[in-house]
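Reminder, nothing fancy here: chain letters follow the sequence lines and each chain counts from 1. Not measured: the values here are computed from a predicted model.
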Amino acid sequence: MTIEVKNLVKRFGNFAALDGVDLKVNDGELLALLGPSGSGKTTLLRIIAGLDWPDSGEVAFNGEDALAQGARERHVGFVFQHYALFRHMSVFENVAFGLRVQPRAVRKDEATIRARVKELLDLVQLDWLADRYPSQLSGGQRQRIALARALAIEPRILLLDEPFGALDAKVRKELRKWLRSLHHEINVTSIFVTHDQEEALEVANRVVVMDKGRIEQIGSPDDVYETPATAFVHGFIGESIELPVQVEGGVIRLGDRPLRLAADGLAPGASKLFVRRHDMLVGPPGSGAFEGAVQHVRNFGPVQRAEVALSGGETIEIDAPRDRELRAGDTIGLEPRRYRIFAGA
Amino acid sequence: MTMQIADSVSLSSPEAKARAHAAAVRNNLRTEPKAVRIAIITLAILFLSVFVVLPLVLVFAQAFSKGILAYFDALAEPEALAAIKLTLVVAAISVGLNLVFGLVAAWAIAKFEFSGKTFLVTLIDLPFSVSPVISGLVFVLLFGAQGYFGGWLRDHDIQILFAVPGIALATTFVTFPFVARALIPLMQEQGTQEEEAAISLGASGLQTFFRVTLPNIKWGVLYGVLLCNARAMGEFGAVSVVSGHIRGETNTMPLLVEILYNEYQFVAAFAIASLLAMLALITLIAKTILEHHLDEGHDVNDH
């Protein structure tokens, strides 16, 4: 099932939750919607599910107008951030719900429903919890039951809203891997919303980065990490150093200090220079594009994180390998291995 | 419970004993001196005994003062039976209406966003803040012979005032907030996610209501109905204004108690009053049980 979204706009009062969003999701894809809170990603997901309605724009499933259908007819599996399990039903009845509420003409008999629920509980590896109630489960178990419940109706599309947002870090990592392999197994077109970049980059085939109701970049996890399309994406994904610079007459300046960096093809004016923390190479004073004094050093496993006051006025944090120990008070040269400059303040 | 655990542990390990002792010392520091505690508790019990328990006991004492036969004779009087029947009918009507209105109002307030919501919530509380006598008078103004609809009603030979419909209307008005008030916070806390999940799983609106919404709020509904019923049966002021006190026809139990008392028929008056007192006791017990269920239903599905 492909999903096509065209020029979607949704406002809540004066706030534009979606401000002209276009998106095409391929059949069988596992797509991540990534962005800070308030970026419109959940609104987009809810509109695709039919739980919210856009002010204007189009949504099509396999070329067919989805906005003509309600949530009930769309046949979309939706997994909520806080699970939304039916608290008064057992795990078994939760999973069976979608099968039991089908119109009488197509409803399966009890034995078939039981077999199907058993199969789904096996799939999420929780068949031994069938008689429990949601309040008796852990967060990770609830989330897997919520997923089994959504899969029971054999959805054409699977939508997950911050599926691991309410879980602790360890369970989250396990479930990420598990979701990936599950998607591989069932191969349903799936979209999941997350504000956790690591989650998006690790699980998804493609990542859609959103900010302020707009899509900033669509690409593979490598694309959005290695070649961010906008200043926002560079700043949001990965740990970046952000420096306000001035481009004029073929020279890039940080404060009043000219940097030894090529300014070819850059528009003059206020700009932003981005470098990954680990892409700042440390050398002797005077050796790189930047120079600075080490203020403070902390060790994080294989790297040392140093706070460096640059001459030119800014203080940055860099991650350097530990082969050469840095000390507070050292003066060092810094050369960006890779960097990007985006016009605009 | 925790005290028991602390005690049993303290037997086995001196370290735990020391900890329990430290806890006890802390406890003492945190609370008032023993004398003050005893004084406060005694005062509370004394007050409750004089103002609540004593009157309740007196109601039953008076009712049975001429023996158990006189008690049942008083209840078997046609006037008494008519009052009991009328009270039950009126309570059934107003509880039924308020159940539907309360559900609809709570649903609207808890699940939708709309302008004027605060106003609606305030309006729901209005019957609580208005004197019941005024509530009754409103219906006299509307349906009385001199009232807005009085002429029309007379022409069509419809009797509302001084009849069952008037009493039911006044009671419904006075007891309106109970169901809605019990449900609004409950439904607001539960939010709309379970309903959304049900709909995305293919359930229709009715299926969602009966399979998801209603089971989640059933204890709240029962709680509201219970309080609504207790007040409906006990309402005096509003009913007194619209009833007309026609003996054997429009006297509810509270009204009859007053009439009998004014006629010095103490046994009969207190016999009816004892029924109302029993209703109150049963309501209290049921309320305690329901509150227990309501507390249990809360902690699910949240983080």
Within a radius of less than 6.0 Å around [atom1] of [X], do more than 12 heavy atoms belonging to other residues, nucleotides or ligands occur?
X: Phe101(B); atom1: CZ; value: no
X: Lys117(B); atom1: NZ; value: yes
X: Asp131(A); atom1: CG; value: no
X: Arg11(A); atom1: CZ; value: no
X: Lys177(A); atom1: NZ; value: no
X: Phe114(B); atom1: CZ; value: yes

Q.
Is Ala150(A) in contact with chain B via its backbone, its side chain, both, or neither, using a 4.5 Å heavy-atom distance?
A.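 Backbone only.
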Q.
Given heavy-atom pairs under 4.5 angstrom as the criterion, report whether the side chain, backbone, both or neither of Arg74(A) touches chain B.
A.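 Neither part; nothing is under 4.5 Å.
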Q. Under a 4.5 Å heavy-atom cut-off, does chain A meet the side chain of Thr208(B), its backbone, both or neither?
A.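 Contact with chain A involves no heavy atom of Thr208(B) at all.
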**Q.** Atom group of Glu196(B) that falls short of 4.5 Å from chain A, counting heavy atoms
**A.**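 The answer is both parts of Glu196(B).
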Say you draw a straight line from [atom1] of [X] to [atom2] of [Y]; how long is it, rounded to the nearest 0.5 Å?
X: His75(A); Y: Ser200(B); atom1: NE2; atom2: OG; value: 11.0 Å
X: Leu201(B); Y: Arg149(A); atom1: CG; atom2: CZ; value: 5.5 Å
X: Glu195(B); Y: Phe86(A); atom1: CD; atom2: CZ; value: 8.5 Å
X: Glu194(B); Y: Phe97(A); atom1: CD; atom2: CZ; value: 10.0 Å

How far apart are the closest heavy atoms of [X] and [Y], and which atoms are they?
X: Ala197(B); Y: Ala84(A); answer: CB-O, 4.0 Å
X: Ala71(A); Y: Ile199(B); answer: CB-CG2, 3.8 Å
X: Arg87(A); Y: Asn216(B); answer: CG-OD1, 3.2 Å

Q) Within the distance-only criterion (no hydrogens, no angle test), does the side chain of His88(A) pair as donor or acceptor with the backbone N or O of Arg211(B) below 3.5 angstrom? A)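 Here the side-chain-to-backbone pair exists.
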Q: Given side chain to side chain contact (heavy atoms under 4.5 Å, CB included), test Gln81(A) with Gln193(B) step by step and report yes or no.
A: CA-CA 10 Å; Gln81(A) 179 178 5; Gln193(B) 287 221 324; 5.8 Å; no
